[in-house]
Every structure is written in structure tokens, then in C-alpha cells.
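These numbers come from the heavy atoms of this one structure, side chains and all, not from hydrogens, waters or symmetry mates. Indexing begins at 1, ligand by ligand and atom by atom, following the structure's order. Throughout, numbering of the chain's residues begins at 1 and tracks the sequence.
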Amino acid sequence: MGIPVQRKPRYVVPASAAHGTKVVALTLDDGPDPAYTPEVLKILRKHDVTATFFVIGRSAAAHPDVIRSIVADGHAVGTHTWSHANLRRLPAGKVRTEVGRAVEAVAATTGRTPDLFRAPYGNWSRTVFEECAAMGQTSIAWDVDPRDWDNPGSAHISSEVLDQVGNRSIVLAHDGGGDRSQTVRALRHFVPVLIDSGYRFVGV
Ligand SMILES: [Zn+2]
């Protein structure tokens, strides 16, 4: 079950996954949300692309139908702690509980044990890497952050993604944690632009 301890999270898609083509990984944090996640899924379905959802454990437990629809559409599911905790200063036992409860909640809902993890606020620590490794969880960060959680406007979110993106980028966006209607509007714009620019959507 254990894996080697990471010294830093993964920031870009591994070269081995690119196969010499232009790839991008879209990731969505802080869901599942009964209002916004279905909107995001509709956009991804329309354009026939997949994403990775880093879900909050207690939200996954509260909205099992939403998380099952994510899986049914062929997307990957990782976890983002049970309660969106800032793990940086937490002792090992608390980290284990926050990560482990989320992993168990997703496994119970989907029948598959997730193995991808993203720390809230991007706050990893050596303890977090050690506990994640013991639980078989690979830590995934990002290299493109349009700061959509701050609601800067959908046009701004979209242009930030398109300005920052490059081959093997991991794009951070959010389908929960507040009013995500700007993110939904931005996705409607930038997803087809990325496709037209030659990007193939892959996992992290
Ligand atoms: Zn988050």
C-alpha cells in the first residue's frame, strides 16, 4: 500500500504521459457541489474531455450522487482532506485522520480507493508526504492558477489560464467552496480554446 515518500508534490504532468504530444490536465478542487459540479460535468461532456476532481471527504459523503456522476463520466477522483484542513502544522495523527477519512469516504461511495491527493492551500509538509506515502497517496500540485476562488471575473480566469498554460500543465480550478459561476463560465470559454490549440486532456 505504501509508496516512496515525495519531497515535493507533482507540478506538471509526467513526460511519460505526454507521448510526445501537447497535453494538459484540468483539475477541480473543493467539490463535489450539488449546484456547480453538474454544470462542470456538462461542459466536459460536451467537449469530450476528462478532468481530475480533488474532492473534500465530508462533501463526498454528503453528496454521493454527485460523486458517482463524476466517476460515471470517466473522470479521475482524488482527495483534498476530510474538512479542507490546513495540514501544514498538524501532527502526524491528525494528518492521517484528515487524509484517511477522505480516502475512505470516496472508496465507500465509488467502490474505488483513490490514490491522488492535493493539500488544501497547497500546504504540504514532510509529515504530510510521509503520511500520504504510508497511505499510498501521491501528492499533486499545479503550475497554472487563475485564482478563480477569488472571483476575479470569468474573462480574467479564462485569460489567466490561456496565458499561463503550456505543454504538460496542471490547471487548478474549483467546482465548490463558494459561488463558482465565474469558473463555470470560464470553463465554457477556455476548454474549447485549449482543444482548438491542440491540447489533449489527460490525467495528472
Ligand atoms: Zn481547496
Side-chain angles (χ1 to χ4, degrees), residues 6 8-13 24-41 43-44 50-64 66-67 70-71 75-90 94-107 109-110 114-125 127-129 131-132 135 137-152 154 156-157 160-161 164 169-187 190 203-204:
Q6 289 173 270
K8 54 184 174 54
R10 182 182 297 167
Y11 291 101
V12 295
V13 174
V24 65
L26 176 63
T27 64
L28 292 139
D29 290 10
D30 295 0
D33 182 283
Y36 298 109
T37 307
E39 290 293 309
V40 170
L41 291 175
I43 296 163
L44 302 180
T50 52
T52 303
F53 289 77
F54 290 96
V55 301
I56 296 171
R58 66 182 178 195
S59 304
H63 305 291
V66 183
I67 198 154
I70 293 173
V71 173
H75 304 292
V77 176
T79 61
H80 195 46
T81 74
W82 174 256
S83 67
H84 207 266
N86 185 345
L87 302 179
R88 179 159 282 171
R89 295 186 208 293
L90 290 188
K94 288 236 165 66
V95 169
R96 200 175 310 142
T97 303
E98 271 291 334
V99 177
R101 274 186 87 184
V103 169
E104 281 166 25
V106 170
T109 309
T110 66
D115 61 2
L116 301 171
F117 172 75
R118 177 171 281 163
Y121 319 101
N123 276 347
W124 278 275
S125 67
T127 302
V128 173
F129 290 128
E131 293 303 319
C132 281
M135 289 184 275
Q137 303 296 309
T138 299
S139 285
I140 309 294
W142 59 86
D143 71 330
V144 174
D145 177 9
R147 300 174 69 84
D148 63 318
W149 52 269
D150 200 24
N151 287 328
S154 61
H156 181 85
I157 295 167
E160 280 299 310
V161 169
Q164 294 179 37
S169 278
I170 297 177
V171 177
L172 170 65
H174 295 78
D175 63 327
D179 183 344
R180 295 282 81 89
S181 47
Q182 291 187 4
T183 304
V184 169
R185 278 201 298 278
L187 283 165
F190 77 71
V204 294

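There is a side-chain donor-acceptor pair under 3.5 Å between E98 and S83.
Residue contact annotation: D29 places no N/O/S atom under 2.8 Å from the Zn ion (ligand 1). Here H174 does not reach the Zn ion (ligand 1): none of its N/O/S atoms is less than 2.8 Å from the metal.
The CG atom of L90 sits 11.0 Å away from atom CD of E131, with the distance rounded to the nearest 0.5 Å. For the atom pair CD1 of I170 and CD1 of I140, the computed distance is 6.0 Å after rounding to the nearest 0.5 Å.
Ion pair D33/R180 not flagged as a salt bridge, since none of the NZ, NE, NH1 or NH2 atoms sits closer than 4.0 Å to an Asp/Glu carboxylate oxygen.
The OD1 atom of D30 and the NE2 atom of H84 subtend an angle of 100° at the Zn ion (ligand 1), given to the nearest 10 degrees.
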